Structure formats: structure tokens, C-alpha cells
Amino acid sequence: MEPSHIDLDPVSLITVGTEGPPGQRTFFLQAAQGTQVVTMIIEKAQAVVLAESIDRLLTSAGQDDSAAVDEAEATAPGLALLQPLAPAFRVVEMGLGVDEEREMIVLVALEAPSDEPGQRVRCAASYDQVRLLARRCRFLADQGRPICPLCGRPIDPGGHFCPRSNGHARPAD
Ligand SMILES: [Zn+2]
């Protein structure tokens, strides 16, 4: 079967979101054009890299890339994941490019390395859309596990062996 290539140009929505408890969250990248919605699974690290790459591209395109995250903006209801979540695939590779003429950023998400067959989703989004996407990626990535007040390290849901309390386990809140 021919792997599917989906082209959302332009997207009506492009966002990231998470599901699951702190420390075990799954990150989703979701793009839509009208009623066609594509949801993909990404790693938290990919969300962080995506945000950095978007900022770099916006800067190179002469756009304001203010990385400051406004919580109200990053959590705007319009950026919530559309339910139900039915992930098409886990993203192995992402590529970004600028279309300066149309003032858009093109994001391509791949199910397999680019030299192998696999699904491919191409999203064309405005500078404003990707700026919000980058801020939301950063906001969600920062919202991870609770931080131990003693040692400053993240606390896993099952507890935490804190070097600052002589190795005693400290339960997660
Ligand atoms: Zn600790």
C-alpha cells in the first residue's frame, strides 16, 4: 500500500498538547485543515527542538521571535487538542522551512527516516501560528514533573531518591 501523504496547506490549527500524569506524559502534535485533523505522537525533546527551530526560522525571516511565554496565550482554549485523539503515527523526523513569499513556515513530519517509505504530513502555517506553537511547546515542556524542593531535581510519580535527604525516598505530591 502506498504510504499516505497528507498536505495541510494552509492549516487551520497547529498545536501541541499532552495527555497523562506528570512524568508519564505523552506529547501530541496536531494539525488540521477544516475537518481534516491529523494527530501525531512526538517526544518532549522533539517539542523543545521544534520550538527552537521555529524561533531560529522566524528570526531568519526577520520576524519577532520573542521567546517569552505568556501563559494565557500558551494555554488559550483555541490551542487545545481536538478530541478524540487518534494518533496516525509517531514522528521520527521533522523538517522545517520558510516560504518567505507567502510568509509561512512549512513543517513536514515523517513516520520513517526520509529515505524510507512512511506516512508524511506537510503543514503550512502562518508566522503567527508557528510562533504560538513554539511558545506552547516550551510551556508544556517546562510543565513537566514536579521539582523536589530539597535538591531541585524532578520527582517521578513513584517517588524520588533525594540526595539531599540521605537517599531517603521522598514521595511525589
Ligand atoms: Zn530531592
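All values derive from a computational prediction rather than experimental measurement.
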Where is the tightest heavy-atom contact between [X] and [Y], given as atom of each residue plus distance?
X      : Y      : result
Ile105 : Leu96  : CG2-CD2, 3.9 Å
Leu81  : Val16  : CD2-C, 4.1 Å
Leu140 : Gly17  : CD1-CA, 3.7 Å
Val91  : Ala109 : CG2-CB, 4.1 Å
Glu19  : Phe28  : CG-CE1, 3.5 Å
Phe27  : Ala47  : CD2-CB, 4.1 Å

Tell me, please, which residues at least two apart from [X] pass side chain to side chain contact (heavy atoms under 4.5 Å, CB included).
X      : value
Val108 : Val106, Leu110, Arg120, Arg122
Ala61  : Gln63, Val98, Tyr127
Pro113 : Val92, Glu93, Asp115, Glu116
Glu101 : Asp99

Exercise for the section: With sequence neighbours left out, write down each residue that passes salt bridge (Lys or Arg N to Asp or Glu O under 4.0 Å) with Glu43, or none if nothing qualifies. Expected result: Arg90

For the [atom1] atom of [X] and the [atom2] atom of [Y], what is their distance to the nearest 0.5 Å?
X      : Y      : atom1 : atom2 : result
Arg131 : Leu58  : CZ    : CG    : 5.5 Å
Asp55  : Leu50  : CG    : CG    : 9.5 Å
Phe139 : Leu132 : CZ    : CG    : 13.0 Å
Leu133 : Asp128 : CG    : CG    : 12.5 Å
Ile42  : Thr26  : CD1   : OG1   : 11.0 Å

Listed pairs under 3.5 Å, donor-acceptor, residues 30-40 side chains, sequence neighbours left out:
| residue | atom | partner | partner atom | Å |
| --- | --- | --- | --- | --- |
| Gln30 | OE1 | Leu82 | N | 2.7 |
| Gln30 | NE2 | Thr39 | OG1 | 2.9 |
| Gln30 | NE2 | Leu82 | O | 3.0 |
| Gln33 | NE2 | Asp9 | O | 3.2 |
| Gln33 | NE2 | Pro10 | O | 3.0 |

Can you list the residues that meet the side chain to side chain donor-acceptor pair (under 3.5 Å) rule with [X], with sequence neighbours excluded?
X      : answer
Gln119 : Ser4
Glu52  : none
Thr15  : Arg136

Practice task
For residues Gln83 and Leu85, determine if any side-chain heavy atom of one lies less than 4.5 Å from a side-chain heavy atom of the other.
Solution key: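 In contact.
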
Handout entry: Heavy-atom check, side chain of Val11 versus side chain of Leu107, under 4.5 Å
Key =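 In short, these two side chains do not touch, never coming nearer than 4.5 Å.
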
Is the backbone N or O of [Y] less than 3.5 Å from a side-chain atom of [X], with the two atoms forming a donor-acceptor pair by type?
X      : Y      : value
Arg102 : Ala124 : no
Gln129 : Ser126 : yes
Arg25  : Gln143 : yes

Exercise for the section: Check whether Val121 and Met104 end up in the same hydrophobic cluster, where Ile, Leu, Val, Met, Phe, Trp and Tyr are linked by side-chain heavy atoms less than 4.5 Å apart. Expected result: no

Practice task
Answer yes if Leu13 and Val130 sit in the same cluster of Ile, Leu, Val, Met, Phe, Trp and Tyr residues linked by side chain heavy atoms under 4.5 Å apart, and no otherwise.
Solution key: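 No; tracing contacts between hydrophobic side chains, which count when under 4.5 Å, never links both residues.
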
Problem - Cys151 vs His160, side chain to side chain contact (heavy atoms under 4.5 Å, CB included): CA-CA, chis, key distance, verdict - result: CA-CA 10 Å; Cys151 68; His160 161 74; 3.3 Å; yes

